[in-house]
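Just so it is clear: chains get the letters A, B, ... in the order the sequence lines come, proteins before strands, and each one is counted from 1. In this text the structure is predicted, and so the values were computed from the model without any measurement.
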Amino acid sequence: MTTATIKRRHPERPVWEEEPSPVGKGLKGIALTGIALAVVFPMWVVLVTSLSPERVINESGGLVVIPGELSLRAYEQILSGGTVTRAVLVSTGVTLVGTVFSVVLSVLAAYGLSRRGSVLHRPLLFVFLLTFLFGPGLVPSYLMVTGLGLKDSYWALILPSAINAFNLVVLRAFFMAIPQELFDSARIDGAGEVRILTRIVLPLSKAVTAVVALFYAVGYWNAFFNAVLYIDDNSMSPLQVLLRGMVLQGTNPTGFAGPTPGTAVVAPNLAIKMAVVMLAVVPALLVFPFVQRHFTKGVITGAVKG
Amino acid sequence: MPTITDERASGAAPVTAAPAVRRRRRTPLAARLRRDWPLLAMTVPAAGLLVVFHYIPTLWNAIAFQDYNPYAGVGGSAWVGLGTFERMLSDPGFWDATVNTLALTGFQLVFFFPIPIALALLLNSVLSRRVRKVMQSVVYLPHFFSWVLVISFFEQMLGGAGLLAQEMRELGMEPLNIMNNPETFPLLVTAQSVWMDAGWGMIVFLAALSAINPSLYEAAASDGAGRRRRLWHVTLPGLRPVIVLLLILKLGNALSVGFEQFLIQRDAVGAGAAEVLDTYVYFQGVVVGDLSYGAAAGIFKGVVGLVLILVANRVAHALGEQGVYSKQ
């Protein structure tokens, strides 16, 4: 009798905890499935529709839930030149350049602020921390960026949001947790600050630097409003702006390469729209395995120590 | 070498600590600069960016007290004192936006705030590690989407050409378009926020849950406390500091309920439902071009937000909680 009850218990369940009732277990299962479906189902529908040819879309009356025949025509069409291709390139370029720029500046500043008692340590730290308390407001920021002549410049999408004090605090907390002895011995060996940073500090904080890079990259990729404010030239629009125009405002961007001579099949309009949505999702999916491993741990420990 | 012995001495004998500190302070600035200039040089570029894109624009809020003319600049524009603020406070459009903002914040406080807590409790009670991990990844994912993307997904599900309308049409019903109905708009934006951020908001509660000492549960259980009693007397007290902290932050942000989310959907549901303070600032300041007015509304928002967060923090201290910051 007793062995049977012990066997049925989940190995992770602590001894003092009661076995849940079957009804409770069932409800929990339903809740978990429902939550997972609520997140995944819309993405599934959009993905399947983007891969469906005209016939399947017409049969289902629009969005496709159950995949039939699949084709990559929509993706081929939008990525073979034209507005979407250009927007993808713009977004990718801004994200890459912006992320490198932000990470380099943030790592340098976090290291520069990581030693208590250095010259101007406290006032400089305050310059960063005070940004948590208030922002300059939309109109003055707009005046500043346009006043610098950054309108219709990709730098307007990078410079104003290049430094995030939160990321900086996370990096600094990690740098400060590195044992002092490592710095001392490096200094005795004659290493300068730059060498200590590149040879000792950075190799030890690869994970947290990657997490910060990710934060910045996601921010740049998703940035929408900066482009609305500062980019008037449509040919410079990033993907998010184009996505809004196509999917939410119903504009049909001209300038597709169109059916290339010889290929008679044209991807249906809806599939093209859904393909653009999927393109905007891709970076989030790419960073995801990484997020799983480092993100939460890095964010929480960093925030607590900071 | 001498500095190392100095520090050792001051650390070992507390009596000599004070003179040691004073002696270190007396290190001439020139010597400290010679030692620390690389650190300064590393910090300056990032600090400079903040000065240019954060602090100098903050000063430019002064145009709220002017009848600002972009061609004349701050120097050439006439000062009008509090005139712009008076105009703003007697403008019904401004009050509509403020009321909308507060209503939406209140709505989200009731319908969004508890969900990450419930989600964390649910996931925490799942024993299988694999299920827990898969669920976590699934609910985090939308946090990395942009607002345009989130709203695009909602449009495809609930909009006029979305899946819901499509199925209703097939069943011969009048199709619903939830995406442009101003009456259900608060519910819609809250649902969007939940879809996007509830999973991410859960992380901090999961961390707080894992910090609760399991022996508390064991002691409670052996004293005869059932599930509900343990939840009430062990789990919730363990979560309380985090809940208070997040409530304070939420209160401090009461006037910024979100911007892009409303800007993007303002066309569909109309300004009556979707105009919040942030979009109001944008439309009055940048689109209409009344820069002084936009700056004034921005200042109002910033100052009220700052006061709110200080008050809320004070209240938390009075209730014996830690709050966002403390004087120590």
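At a threshold of 4.5 Å between non-hydrogen side-chain atoms, the residues A/Leu248 and B/Ser152 count as touching. The shortest side-chain heavy-atom distance between A/Val145 and B/Phe53 falls under the 4.5 Å cut-off. At least one side-chain heavy atom of A/Val194 sits under 4.5 Å from a side-chain heavy atom of B/Met42. In this structure, A/Tyr111 and B/Leu39 have side chains that are in contact, with non-hydrogen atoms separated by less than 4.5 Å.
When heavy atoms are compared at a cutoff of 4.5 Å, B/Leu291 approaches chain A by way of both its backbone and its side chain. Interface remark: B/Leu33 contributes backbone and side-chain atoms alike to the contact with chain A (heavy atom separation under 4.5 Å).
At least one donor-acceptor pair under 3.5 Å links the side chain of A/Asn222 to the backbone N or O of B/Phe144. Proximity of a side-chain donor or acceptor of B/Trp147 to a complementary backbone N or O of A/Phe224 within less than 3.5 Å is not detected.
Salt-bridge check for B/Arg230 with A/Glu18: passed, with a basic side-chain N closer than 4.0 Å to an acidic carboxylate O.
The minimum heavy-atom distance linking A/Ser60 with B/Gln166 is given by the pair O-NE2, 3.0 Å.
No close placement of the A/Tyr142 and B/Tyr282 rings is indicated, their centers lying 6.0 Å or farther apart.
Of the listed residues (B/Glu167, B/Arg35, B/Arg129), the one with the most heavy-atom contacts under 4.5 Å to chain A is B/Arg129. Per-residue heavy-atom pair counts under 4.5 Å with chain B were compared for A/Val119, A/Leu105, A/Leu168, and the maximum is reached by A/Val119. The choice from A/Gly192, A/Ala162, A/Gly219, A/Ala38 that makes the most heavy-atom pairs within less than 4.5 Å of chain B is A/Ala38.
A/Phe134 and B/His54 have tilted rings, their planes meeting at an angle from 30° to 60° on a 0 to 90° scale.
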Kindly indicate, with the supporting measurements, whether the criterion side chain to side chain contact (heavy atoms under 4.5 Å, CB included) is fulfilled by B/Trp60 and A/Val139. CA-CA 9 Å; B/Trp60 280 10; A/Val139 170; over 6 Å; no
